[in-house]
Amino acid sequence: MGHSAAGYYFKEAVNSLVRNNWLSLASVGVVTVSLFILGCFLLAAINTSAFINTLESMLEINVFLESNLNKSEINHLKEQLKFLPGVSEVEFVSREKALENMLTSLGNEKDITENLDENPLPDSFRVKTKSVELAPQVAANIYKFNGVSNVIYGQEVVERLLIVTRWIRITSLTSVVVLGLAAVFLISTTIRVSVFSRRKEIGIMKFLGATNWFVRFPFLLEGVVLGFSGALLASIIVYLVYTIIIDKIAVTMPFLPIVGQMDKLAPVYLGLLVLGLLIGAAGSSISVHRFLKV
Amino acid sequence: MGHSAAGYYFKEAVNSLVRNNWLSLASVGVVTVSLFILGCFLLAAINTSAFINTLESMLEINVFLESNLNKSEINHLKEQLKFLPGVSEVEFVSREKALENMLTSLGNEKDITENLDENPLPDSFRVKTKSVELAPQVAANIYKFNGVSNVIYGQEVVERLLIVTRWIRITSLTSVVVLGLAAVFLISTTIRVSVFSRRKEIGIMKFLGATNWFVRFPFLLEGVVLGFSGALLASIIVYLVYTIIIDKIAVTMPFLPIVGQMDKLAPVYLGLLVLGLLIGAAGSSISVHRFLKV
Amino acid sequence: MCVVVRFYNVTKIYKNNSVALNNVTLHIKKGEFIFLVGPSGAGKTTLTRLIFREDLPTRGQIVFNGKNVVRLRPGEIPFHRRKIGMVFQDFRLLPQRTIYDNVAFALQVTGASNHWIKKLAPEALKVVGLEGKAKMYPEQLSGGEQQRACIARAIVNNPLLLIADEPTGNLDPGTSRELMKLFQEINGRGTTIIMATHAWDIVDSMKKRVVALSGGKVVRDEESGVYGHGA
Amino acid sequence: MCVVVRFYNVTKIYKNNSVALNNVTLHIKKGEFIFLVGPSGAGKTTLTRLIFREDLPTRGQIVFNGKNVVRLRPGEIPFHRRKIGMVFQDFRLLPQRTIYDNVAFALQVTGASNHWIKKLAPEALKVVGLEGKAKMYPEQLSGGEQQRACIARAIVNNPLLLIADEPTGNLDPGTSRELMKLFQEINGRGTTIIMATHAWDIVDSMKKRVVALSGGKVVRDEESGVYGHGA
Ligand SMILES: Nc1ncnc2c1ncn2[C@@H]1O[C@H](COP(=O)(O)OP(=O)(O)OP(=O)(O)O)[C@@H](O)[C@H]1O
Ligand SMILES: Nc1ncnc2c1ncn2[C@@H]1O[C@H](COP(=O)(O)OP(=O)(O)OP(=O)(O)O)[C@@H](O)[C@H]1O
Ligand SMILES: [Mg+2]
Ligand SMILES: [Mg+2]
């Protein structure tokens with residue numbers, strides 16, 4: 001395409017945006033709204049995933065030891081546990097410490113130890129696994145070790161947690177996909193309707209001897225501009241809303257794990273921009289296609 | 001309006017839907033997609049709310065008693081607790097039962113009682129409050145009673161839970177409102193663009209001496225039909241998806257509280273239908289308005 | 001009441017400052033048949049648009065059938081227009097309706113009964129010779145056929161005033177002659193007719209009142225006049 | 001190559017079974033000036049639409065400038081159309097562009113340079129007397145002015161064949177006469193011209209080849225013919 005043609009395409013696209021300002025605004029609005037919702041959902045999904053990871057990482061296996069072990073036997077056991085596949089962390093909890101913890105949890109203001117002649121609790125290890133799915137297998141392996149009297153890992157809780165988190169993951173992934181498709185549908189429909197309302201114009205161009213590409217290109221550019229503007233707006237709004245929310249959460253719920261690093265969020269914003277641009281381009285050039293056959 | 005006019009309006013609306021089948025389909029599609037997302041979100045919000053209620057109802061205050069109380073003193077205390085404002089449930093847990101529970105939680109396969117000469121645990125009450133917000137006040141009140149050695153209600157957990165649930169409620173309400181507005185915007189934009197593409201037709205009608213109402217009414221009916229069809233489709237899809245999901249959840253996660261009663265869900269479906277109908281009617285008749293001034 | 005249309009010092013200046021009508025004063029009596037002639041861009045269509053209240057004059061007053069057109073309230077405009085049958089230069093047929101429906105629609109908007117519509121619409125189509133094309137859509141008609149459909153629509157509800165803008169522009173001489181016979185017949189029944197035209201042969205042969213516009217001014221107004229070839 | 005357009009037994013039947021052209025065979029030589037006459041609905045516009053490849057014939061072959069129009073690949077159609085200047089009966093101006101842009105657009109699609117466009121477009125507008133209205137939009141023009149804009153667009157890129165469908169339908173006799181002078185001039189420079197018209201006075205005075213259609217058939221084809229009032 002020559003210099004004059006490139007200039008023509010660009011001028012056409014801009015003129016058309018200005019001429020059809022109402023339609024253009026409507027299209028940009030639809031892109032913005034659709035991608036804003038999609039963006040919010042993506043961020044929610046990312047944070048849910050992070051939250052689930054934290055939840056899962058908090059899960060631990062309690063390994064109670066027989067009462068007749070000596071220090072070196074205990075240390076040996078600790079080494080064994082550490083090298084067990086799937087284990088990420090091993091912490092020793094002495095029976096004294098265990099009693100202290102229990103008393104704390106019962107309220108340490110009055111001294112229950114008064115009634116206590118002897119510490120009834122055993123020594124134990126707290127073992128964390130690399131992922132929550134590994135807990136049952138790891139627990140079973142640990143149970144076979146000598147010196148281990150009992151292994152508790154809240155089987156029921158883990159199972160429930162596994163099911164719930166899998167559901168949450170599936171649901172949020174499905175939602176993102178459904179919302180993504182909805183955004184594509186909404187945006188391309190608006191652009192198609194807007195092209196539809198200019199079908200006569202396209203016909204006249206063809207009668208003047210314009211090639212399909214000559215007709216299509218300004219529409220394509222226009223779609224790109226519309227899609228990109230909408231996506232940019234959506235990204236900015238999502239960014240602002242998210243910043244406000246994580247600031248608030250950091251104050252009121254410091255215990256929640258919020259994804260704030262830009263390297264994890266950049267793909268979201270980039271994705272929105274690329275999606276808007278692609279749908280805009282594809283939506284308009286495909287729509288034009290219908291009316292080119294004259 | 002006479003018989004002939006009513007017939008005309010209806011025939012016009014139907015004819016126009018058929019004539020502009022592509023636009024009609026697009027509009028119905030947009031209504032369906034928008035309201036489907038809104039519907040899913042409403043149901044999610046309702047279930048989240050139910051889940052939070054369940055979570056909160058699980059929270060209890062542990063009231064530990066001094067070891068020197070006799071039966072009648074304990075019963076008296078129980079009565080006192082029951083009549084305390086905000087308390088919904090009081091359960092007595094004897095020290096023997098408490099020990100049993102503890103041993104169970106430590107794993108009852110090996111007998112720790114072997115090492116245990118005396119039960120170190122006190123008698124206690126488990127108190128539930130009518131709402132989680134009342135827990136701190138109730139706990140403080142109980143602490144003043146005679147015979148109470150300690151009161152524990154997981155202050156930190158309650159506070160966090162309160163903050164988190166308030167956030168979840170705010171977020172889901174905001175989301176529903178934002179999605180509702182987005183649906184209104186998307187639907188009315190599509191209908192406006194579709195009316196826009198028929199602005200010439202409206203002009204010609206006015207030139208033939210049609211009153212504004214005569215022009216507007218078929219468009220209004222058309223909008224109602226479009227909005228209602230889309231909303232109906234959305235409701236049906238939401239209903240089917242929801243039924244499938246709660247069936248699955250009932251199997252895999254029977255512990256989750258799922259809202260399945262029709263009396264709580266009917267307002268959602270009804271709301272979607274009314275919303276679709278209203279936006280359709282308003283969207284099209286407002287859009288027509290712009291082009292009536294000829 | 002003898003005068004149907006009065007123009008008092010009417011001036012129309014469009015937004016871009018082009019003066020389409022310049023201080024036009026004109027009286028049209030009931031039952032008259034008037035040819036509006038003048039070169040392209042003289043203001044003929046503008047004059048008809050002002051009577052029809054498609055647009056408002058920049059200055060001056062227009063009275064139609066005893067009512068001031070300039071001061072019509074929005075709600076009165078439709079009823080004003082129903083008294084005028086209009087043949088538009090650019091036809092303005094509804095593209096998504098058949099020819100029959102286009103003609104019937106002009107009756108529907110007035111609230112005519114279905115019975116009445118089923119009687120009058122086919123009659124009007126027959127008068128312009130389109131009875132065979134009733135079920136076709138405007139884009140399926142030739143230029144002349146569209147023009148005739150537009151004429152059928154304008155006469156179907158027996159208007160007080162018939163305004164025809166270039167009604168023979170797409171018609172062959174034979175059809176034109178028949179159309180003029182039809183117009184004379186309608187005129188004979190008391191309908192006032194204003195016809196903007198470039199067909200000098202028709203104007204010359206009919207010997208009716210001729211109002212000649214040029215540059216937005218009335219330059220000639222004669223009873224049984226001629227087109228005037230110099231113009 | 002002497003013949004620009006050939007029709008071999010061309011029949012066009014529209015979807016609703018109306019026969020617009022019935023077994024038409026016709027040869028048009030380079031440099032000819034042909035009047036296409038016949039009553040409304042005779043098939044004149046249809047014939048031009050087939051040459052322009054706006055539609056395909058139901059049967060028969062059409063050859064333009066040595067190429068079979070019926071067998072053009074989709075990609076060849078634009079280049080075919082660029083060789084033909086078309087004055088449409090319904091104008092088909094782009095409503096959202098000024099008159100100047102409408103004319104310039106016909107050059108832009110051919111990839112003409114800006115320099116060339118700035119030279120040719122104003123010239124074409126001047127030829128039809130619209131230099132003063134270049135910046136106006138189609139809806140701001142009178143019917144005759146729109147028609148002239150359409151003519152300017154058709155002649156601006158100096159086509160091999162100029163097809164004008166009813167080009168004087170909205171023009172006053174004076175402007176018509178000037179337009180015909182212009183057409184003769186263009187014809188004199190070697191451009192073949194096909195003009196569908198109802199203007200019997202023009203046809204009769206020009207003494208060019210006349211092809212008369214009726215009911216889709218060629219009923220008369222004479223060198224220096226007349227309109228033929230009986231038709
Ligand atoms: N909407 C408009 N905006 C601006 N100028 C206009 C508009 N409509 C008409 N004009 C201008 O007003 C003048 C008169 O136009 P009008 O259509 O009344 O002419 P006319 O006598 O009907 O001509 P024709 O015989 O060509 O139809 C013309 O110069 C035209 O360019
Ligand atoms: N798209 C179409 N679909 C169906 N029928 C059509 C279509 N276009 C034209 N016709 C019919 O074909 C016949 C010829 O039409 P055409 O437009 O060629 O006539 P014409 O000679 O140009 O008439 P005019 O002088 O009125 O413009 C007419 O009877 C018309 O109704
Ligand atoms: Mg005019
Ligand atoms: Mg024709």
Side-chain angles (χ1 to χ4, degrees), chain C residues 14-18 20 37-46 49 88-91 98 128-130 132-133 135-148 165-166 168-179 196-201 203 212-214 227-231, chain D residues 14-18 20 37-46 49 88-91 98 128-130 132-133 135-148 165-166 168-179 196-201 203 212-214 227-231:
Chain C
Y14 284 108
K15 274 198 212 92
N16 54 347
N17 287 325
S18 66
V37 303
S40 169
K44 303 180 293 297
T45 299
T46 301
R49 291 181 67 210
F88 298 99
Q89 196 167 3
D90 51 357
F91 310 159
T98 62
V128 298
L130 280 183
K133 312 247 168 189
K135 286 193 177 157
M136 286 163 83
Y137 288 89
E139 60 157 20
Q140 299 180 323
L141 295 189
S142 78
E145 288 161 347
Q146 286 183 43
Q147 193 153 47
R148 282 181 277 158
D165 198 352
E166 213 79 67
T168 61
N170 290 278
L171 299 183
D172 55 281
T175 313
S176 293
R177 245 175 285 131
E178 266 165 41
L179 181 68
T197 189
H198 293 304
W200 60 269
D201 49 340
V203 177
L213 288 174
S214 186
Y227 187 88
H229 261 258
Chain D
Y14 284 107
K15 275 199 211 90
N16 53 348
N17 286 326
S18 64
V37 302
S40 169
K44 304 182 293 297
T45 300
T46 301
R49 292 180 66 209
F88 298 99
Q89 195 167 4
D90 51 358
F91 310 161
T98 62
V128 298
L130 281 182
K133 312 247 169 190
K135 286 193 177 155
M136 286 163 83
Y137 289 88
E139 59 155 21
Q140 299 179 323
L141 295 189
S142 78
E145 288 162 350
Q146 287 183 42
Q147 192 152 50
R148 283 181 276 157
D165 198 353
E166 212 79 64
T168 61
N170 289 279
L171 299 183
D172 56 280
T175 313
S176 293
R177 245 175 284 131
E178 267 165 39
L179 181 69
T197 190
H198 294 302
W200 60 269
D201 49 339
V203 176
L213 288 174
S214 185
Y227 187 87
H229 261 257

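Heavy atoms only: backbone and side chains are in, while hydrogens, waters and symmetry mates are out. Per chain, numbering begins at 1; letters A, B, ... match sequence-line order.
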(Q) Between Asp201(C) and chain D, with a heavy-atom cut-off of 4.5 Å, which part of the residue counts as in contact: side chain, backbone, both or neither? (A) side chain

Q: With a 4.5 angstrom heavy-atom cut-off, could you sort out which part of Ser142(C) is near chain D: side chain, backbone, both or neither?
A: side chain

**Q.** Short side-chain to backbone donor-acceptor contact, Asp172(C) and Gly38(D), under 3.5 Å
**A.** no

Q) Picking from Glu145(D), Gln147(D), Arg148(D), what satisfies side chain to side chain donor-acceptor pair (under 3.5 Å) with Ser40(C)? A) Arg148(D)

Q) By a 4.5 Å heavy-atom criterion (distance strictly below it), what part of Gln140(C) contacts chain D: side chain, backbone, both, or neither? A) side chain

Q: Provide the closest heavy-atom pair for Met136(D) versus Asn16(C) in the form atom of the first, atom of the second, distance.
A: CE-ND2, 2.9 Å

Q | Residue, of Thr175(D), Leu171(D), Thr45(D), that accumulates the most heavy atom pairs under 4.5 Å with chain C | A | Leu171(D)

Q. Heavy-atom distance under 4.5 Å to chain D: side chain of Ser18(C), backbone, both or neither?
A. side chain

Q: Please look at Asn170(C) and chain D and tell me whether the side chain, the backbone, both or neither of the residue comes under 4.5 angstrom of a heavy atom of that chain.
A: both

